[in-house]
Amino acid sequence: MLRFRRFGILSLALLATLQMPTPPLAWAQEAESAMPVASDAATVPSDAPPVASDAPLSIDQLVLTDDEKRLIAELEAEQAKLAEMVGDMRDTFVRVMNSEDPSPAAKQQYRDIRNQVRDQFNATYAAALSIIRQIPHEQAVSFIATWIQYRADNDIYDRDTFEGAARLIDGGVNYVFLFLAGARSAVVSGDFQQAKLLYEAMEQEKLEKHDLNLFYQLDELEKNWKEEQQALEADAANGNLPQVRLVTTRGEVTLELFIDDAPQTVANFIKLVEDGFYDGLDFYQVVDHLLALTGDPSGNGSGNSGKFIPDEHESPNRRLPMRGALVMAKLPMGESGKFVPNSASTQFAILLLPLAQAVEQTVFGRVVSGMDVISSMRRVDPNKEKEKNAVQLPPDRIISAEVIRRPEVLPEIDFVNPAAQYGY
């Protein structure tokens, strides 16, 4: 029986190396309403949340209190609701794929249900987490492991992910993805000591590049995190920062804009939103463990509005590139890896993980709700070589963007001409 400790990660001291296989968890398979008509064996998309196991509860050896029985009943209710919603999602998907109802309304219904299923998985995870805080309940543990693996594969990192991973590790569940999801979630949550312990428990030569970057730059990341927390406290004290709502093919996302720290960038962004510039634009590049990039009307990385704004990343009040940060994209300067100064226009990225080094682009806001929506977007990397005969699914996109809070008067924008100085 699993033994649970409270955030001790005590089992880490026993793990000099870690080479555990991935567990045999149940997963949904890939397919999508945009694909050609499928056979009768059409399946649910892999970018939908995983389907939880229906394994019976193993509580014969547990003496349960009334509160524990209530928590188990709540988990069972959430799982029943989840199973019903997944069934509805499958039915809608099959109708679209088999041309029983290929209408745009049916495709939108599928997307809506898929997004609701993701929210229901989160609710079920919360119910399972409430149980394992008290007892080693087999079905709750299995569900948490399944959902953490999905989160690790889709760059969904938060405090709840860290807690679930930590409790399972302390209970003796030693799968690699638990350590990776736990370490990344500890970094984005500001728990750098736990992140260090988790990374040190793994064989360093087997860590991926992004994890090595996080591990070796933990001190710098901690410094940045503390500085950004102070800035966020000042934001909260000032109140009423501008906000924008993005309605995307994955759900809604709310952005908060740092108008005091990047006034011209924010003013330009708000005007573009109010002009409807971002409506219908793709997230044309979404790279694992890095970013989701949008704002290009051409869809190939070369588009802009024809107007360029001055850099604000060297301001004394410059903001830092944390998970969920909004970062303006600039024109690349050849193959040097550098960027043309003052060449930001319309494209912006949302970071999936923090960057230790200050970027050469302006950080002008952050995601305040819906980061799991951004993380779940379909991966699209124009720089990756396409597999022969591979089916290319369409990227996710912004359906509409709306300013939901703004100042009466926006700062003046001093548009610049980078071509005059740098030949672009």
Side-chain angles (χ1 to χ4, degrees), residues 6-7 9 122 126 129 151 155-166 180-200 210-211 213-244 253-263 265-266 269 289-292 311-328 348-375 405 407:
R6 189 166 184 80
F7 294 104
I9 317 288
N122 288 333
L129 198 57
R151 288 184 172 192
D155 287 308
I156 302 174
Y157 309 118
D158 54 24
R159 192 68 187 176
D160 286 345
T161 302
F162 169 71
E163 181 183 351
L180 293 175
R184 297 168 193 168
S185 295
V187 168
V188 303
S189 302
D191 199 335
F192 295 93
Q193 180 61 30
Q194 297 290 17
K196 182 179 180 181
L197 289 172
L198 288 161
Y199 277 133
E200 286 178 342
H210 57 275
D211 285 300
N213 287 338
L214 292 176
F215 177 54
Y216 289 127
Q217 298 176 344
L218 282 175
D219 290 343
E220 188 69 21
L221 288 166
E222 183 172 10
K223 177 183 174 183
N224 289 353
W225 190 84
K226 289 178 178 178
E227 183 177 334
E228 189 62 19
Q229 293 307 301
Q230 292 178 347
L232 292 174
E233 290 175 6
D235 292 341
N238 293 337
N240 293 323
L241 289 182
Q243 290 190 344
V244 167
V253 181
T254 302
L255 313 177
E256 186 171 76
L257 308 177
F258 303 144
I259 194 166
D260 296 328
D261 307 305
T265 305
V266 170
F269 184 73
H289 321 306
L290 186 59
L291 55 76
D311 292 337
E312 296 178 286
H313 67 276
E314 294 183 341
S315 162
N317 298 324
R318 59 86 179 89
R319 301 301 284 265
L320 295 165
M322 314 302 290
R323 171 174 164 82
L326 313 181
V327 183
M328 289 305 300
F348 69 96
I350 300 175
L351 299 185
L352 299 178
L353 282 172
L355 300 177
Q357 304 301 322
V359 295
E360 293 184 35
Q361 293 97 331
T362 302
V363 175
F364 68 100
R366 67 183 182 117
V367 174
V368 292
S369 68
M371 193 58 206
D372 59 332
V373 172
I374 298 298
S375 295
R405 190 165 70 197

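It should be emphasised that the depicted structure is a prediction, and the values quoted were computed from it without experimental measurement. One is the number of the first residue; the rest follow in order along the sequence. As a basis for the values below, the full set of heavy atoms in this structure was taken, side chains included, without hydrogen atoms, waters or symmetry mates.
- For the residue pair Arg405 and Leu241, the shortest heavy atom distance occurs at NE-O, 2.8 Å.
- Using a 4.5 Å heavy-atom cutoff, the side chains of Asp260 and Asn317 are not in contact.
- Rounded to the nearest 0.5 angstrom, Lys196 NZ and Asp219 CG are separated by 7.5 Å.
- Remark: side-chain polar atoms of Thr362 are paired, donor with acceptor, to backbone N or O of Glu312 under 3.5 angstrom.
- Under the 4.5 Å side-chain criterion, counting only non-hydrogen atoms from C-beta, Arg184 is in contact with Tyr199.
- Taking all atoms of both residues into account, the shortest heavy-atom contact from Ala195 to Ala183 is CB-O, 3.7 Å.
- The minimum heavy-atom distance linking Phe192 with Val187 is given by the pair CZ-O, 3.7 Å.
- Side-chain contact between Leu198 and Phe162 is present, with heavy atoms from C-beta onward closer than 4.5 Å.
- The distance from the CD atom of Gln194 to the CD atom of Glu163 is 12.0 Å, given to the nearest 0.5 Å.
- Counting only heavy atoms from C-beta outward, the side chains of Pro354 and Asn224 never approach each other to under 4.5 Å.
- In this structure, Thr265 OG1 and Asp311 CG are separated by 8.0 Å, a value rounded to the nearest 0.5 Å.
- Separation of atoms CG (Leu351) and CD1 (Ile374) is listed at 11.5 Å; rounding is to 0.5 Å.
- Only one option out of Arg319, Arg318, Arg366 pairs with Glu228 in a salt bridge (Lys or Arg N to Asp or Glu O under 4.0 Å); it is Arg319.
- Under a 3.5 Å cut-off, the side chain of Asp158 and the backbone N or O of Asp160 do form a donor-acceptor pair.
- Ring orientation note: the planes of His289 and His210 are close to parallel, at an angle under 30° on the 30°/60° scale.
- With a 4.5 Å cut-off on side-chain heavy atoms, Val368 and Leu255 do not count as touching.
- Proximity of Phe348 to Gln361: side-chain heavy atoms (C-beta onward) are nowhere separated by under 4.5 Å.
- Two residues are said to be in side-chain contact when any heavy atoms from C-beta on lie closer than 4.5 Å; Met371 and Leu352 meet this criterion.
- Within the model, atoms CD of Gln193 and CG of Leu218 stand 9.5 Å from one another, a figure rounded to the nearest 0.5 Å.
- The two residues Val367 and Ser369 come nearest to each other via the heavy atoms CG1-O, 3.4 Å.
- Considering CG of Leu221 and CG of Asn213, their distance stands at 9.5 Å, rounded to 0.5 Å.
- Among all heavy-atom pairs drawn from Ala181 and Thr161, the shortest one is CB-CG2, 4.1 Å.
- Looking at Ser189, Ser185, Ser375 one by one, the single match for side-chain hydrogen bond (donor to acceptor under 3.5 Å, both in side chains) with Arg323 turns out to be Ser375.
- Within the 4.5 Å cutoff, no side-chain heavy atoms of Leu232 are placed close to those of Met322.
- Of all non-hydrogen atoms in Ala165 and Gly182, the two that sit nearest each other are CB-CA, 3.9 Å.
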